[in-house]
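Residues: numbered from 1 along the sequence shown.
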Amino acid sequence: MSIMLVNNDLYKKSSKTQKVRCEICANYCKIADGNFGVCRQHKNINGELFDMSYGLVSSLSPDPVEKKPLNHFLPGTFTYSIGGFGCNMTCRHCQNYTISQEYDYSRGIKVTPEAIVENALKYSCKSIAWTYNEPTIHLPFSKATSLLARRNDLKVIYVSNGYYSDKSLEEVLTFVDAFNIDLKGMSQDFYKKVCGADLSVVLDNLKRIYDEGKHLEITNLIINDYNDSIDEITQLCDFVVNELGPEVPLHFSRAFPYYKMNDISPTEPEILFKARQIAIEKGIKHVHLGNI
């Protein structure tokens, strides 16, 4: 692993103890000396916050940009995908849990920003995409790499859960061109119990991303008996239309039994078709179905 001291504007030290308050994401973890935050990437060492996996990734691959999914940003081109380890949410249904929740650093790939940009250009990619796990928790590395990518005429994509702190989103907005945000549902209870997060933070950050004029697409993974009610799907569509705009593409995706939700059944295709119908009737211009 490569250890890097986190910029001191992204965490606060306690004047009385050796605890630090991480401000990289909306968890605002208060971390005791020798411990990690929720994401298990940032560690308090003697009252300083360190990124314990700087430049360590789980995967590197050129992909069609539509796979992110981004169907309306540089369509028909390839993006160079970079995945890391860890996450700032604890979703019980995580489709990538082997790199976000239960992982082994020994499987990691050591890479530099220069190598990532070189590879992206080698494969004739038009962008780089931080994806597969939550990119925000690797903010110093993703920022350094992204700024270099932009100097080489590459666009930058974040595939994210949207759980940013105010400070991290302010930084991310300076170097990211396009976002796909996973809006997991419209129930605070679902976010708390299933994802370990706060829905209101994600909704506020979506509005801020949209207001900044960034390209934005939204994905909603529909899970049987959890977030598949007609009422909740309608609420989500209303949020997109009323708080963002009907031109924001919306992706409904099918869930399968996985991780700590092995007891669910695959999402019924009929509910995805119904969700698409609701979205279209609400006026959303671009509606897509995934995993079906």
Within one Ile-Leu-Val-Met-Phe-Trp-Tyr cluster: F175 and Y80, side-chain cutoff 4.5 Å: yes

Rounded distance (nearest 0.5 Å) linking atom CD1 of I31 with atom CD of Q18: 13.5 Å

Euclidean distance, R21 CZ relative to S165 OG, rounded to 0.5 Å: 9.0 Å

From CA spacing to verdict: side chain to side chain contact (heavy atoms under 4.5 Å, CB included), L173, R208: CA-CA 9 Å; L173 287 169; R208 189 171 170 191; 4.0 Å; yes

Same cluster (ILVMFWY, side-chain, under 4.5 Å), M52 and V38: no

Atom pair CG (L147) and CG (N152), whose distance is rounded to the nearest 0.5 Å: 11.5 Å

Spatial distance of atom OH (Y226) from atom OG1 (T267) [nearest 0.5 Å]: 12.0 Å

Note, L60 side chain near I109 side chain (heavy atom, < 4.5 Å): yes

Sole residue of D177, T77, T79 in side chain to side chain donor-acceptor pair (under 3.5 Å) with S127: T79

Sidechain-backbone polar pair: D51 side chain, V6 backbone, donor-acceptor under 3.5 Å: no

Residues, nucleotides or ligands: over 12 heavy atoms within 6.0 Å of K193 NZ: no

Neighbour count above 12 (heavy atom, 6.0 Å) for E170 CD: no

Electrostatic pair K282-D238, nearest N-O below 4.0 angstrom: yes

S200 and D198 side chains, donor-acceptor separation under 3.5 Å: yes

Donor-acceptor contact present, side-chain K167 to main-chain D9, <3.5 Å: yes

Test item: I264 and N224 side chains (from C-beta on) under 4.5 Å apart, heavy atoms: no

Residues W130 and S146: side-chain donor-acceptor under 3.5 angstrom: yes

Working for side chain to side chain contact (heavy atoms under 4.5 Å, CB included), residues N205 and Y163: CA-CA 8 Å; N205 286 339; Y163 209 51; 5.8 Å; no

Worked check of side chain to side chain donor-acceptor pair (under 3.5 Å) between N291 and S253: CA-CA 6 Å; N291 292 343; S253 194; 3.1 Å; yes

Residues, nucleotides or ligands: over 12 heavy atoms within 6.0 Å of Y28 OH: yes

Euclidean distance, K110 NZ relative to L56 CG, rounded to 0.5 Å: 7.5 Å

Considering all heavy atoms, the nearest V57-G83 contact: CB-O, 3.1 Å

Sidechain-backbone polar pair: D228 side chain, I271 backbone, donor-acceptor under 3.5 Å: no

Hydrophobic cluster (4.5 angstrom, side-chain heavy atoms) - remaining members for F78: none

Donor-acceptor pair between N133 and N96 side chains, under 3.5 angstrom: no

Donor-acceptor under 3.5 Å (D33 side chain, N46 main chain): yes

Ion pair E66/K68, N-O distance below 4.0 Å: no

T219 and D182: side chain donor to acceptor below 3.5 Å: no

Check: I116 and I82 side chains under 4.5 Å, non-hydrogen atoms: yes

Heavy-atom side-chain contact between P257 and S265 under 4.5 Å: no

Approximate separation, where rounding is to 0.5 Å, of H42 NE2 and C25 SG: 8.5 Å

Shortest non-hydrogen contact from V20 toward G47: CG1-O, 3.4 Å

Cluster link I223 to F256, ILVMFWY, side chain under 4.5 Å: no

Same apolar cluster: I137 and I99, side chain cutoff 4.5 Å: no

Check: N44 side chain, N35 main-chain N or O, donor-acceptor pair, under 3.5 Å: no

Any E217 side-chain heavy atom under 4.5 Å of V248 side chain: no

Mutual orientation of the aromatic rings belonging to Y54 and F141 [parallel < 30°, tilted 30-60°, perpendicular > 60°]: perpendicular

Non-hydrogen atoms of V241 and P246 that approach each other most closely: O-CD, 4.2 Å

I292 to P269 - nearest heavy-atom pair and separation: CD1-CB, 3.6 Å

E134 vs S100 side-chain heavy atoms within contact, under 4.5 Å: no

S58 vs R107 side-chain heavy atoms within contact, under 4.5 Å: no

Nearest atoms (heavy-atom pairs only) where Q101 meets C87: NE2-CB, 3.8 Å

Co-members of the apolar cluster containing L74 [side chain, <4.5 Å]: V65, L70, F73, I157, V159

I222 reachable from I230 in the ILVMFWY side-chain graph, under 4.5 Å edges: yes

Where K43 and G34 come nearest, the two heavy atoms and their spacing: CE-O, 3.4 Å

Exercise: do D104 and S106 side chains pair donor with acceptor under 3.5 Å: yes

Pair Y11, E48: side-chain N/O donor-acceptor within cut-off below 3.5 Å: yes

E118, CD atom: more than 12 neighbouring heavy atoms under 6.0 Å: no

Residue K214 excluded, over 12 heavy atoms near NZ under 6.0 Å: yes

Test side chain to side chain contact (heavy atoms under 4.5 Å, CB included) applied to N161 and K184, step by step: CA-CA 8 Å; N161 60 31; K184 299 175 186 296; 4.2 Å; yes

Sequence-distant partners of Y97, ring pair (Phe, Tyr, Trp, His ring centres under 6.0 Å), two or more places apart: Y258, Y259

Flag for H286-E247: side-chain donor and acceptor within less than 3.5 Å: no

Modelled atom types, side-chain donor and acceptor of S142 and T145, under 3.5 Å: no

Pair E23-S168, side-chain donor/acceptor within less than 3.5 Å: no

Audit row: H72, H288, side chain to side chain contact (heavy atoms under 4.5 Å, CB included) steps and yes/no: CA-CA 11 Å; H72 302 272; H288 305 276; 2.9 Å; yes

Donor on one side chain, acceptor on other, H93 and Q95, under 3.5 Å: no

Polar side chain donor-acceptor pair, Q41 to S53, under 3.5 angstrom: yes

Any I218 side-chain heavy atom under 4.5 Å of L244 side chain: yes

Greater than 12 external heavy atoms within 6.0 Å of K19's NZ: no

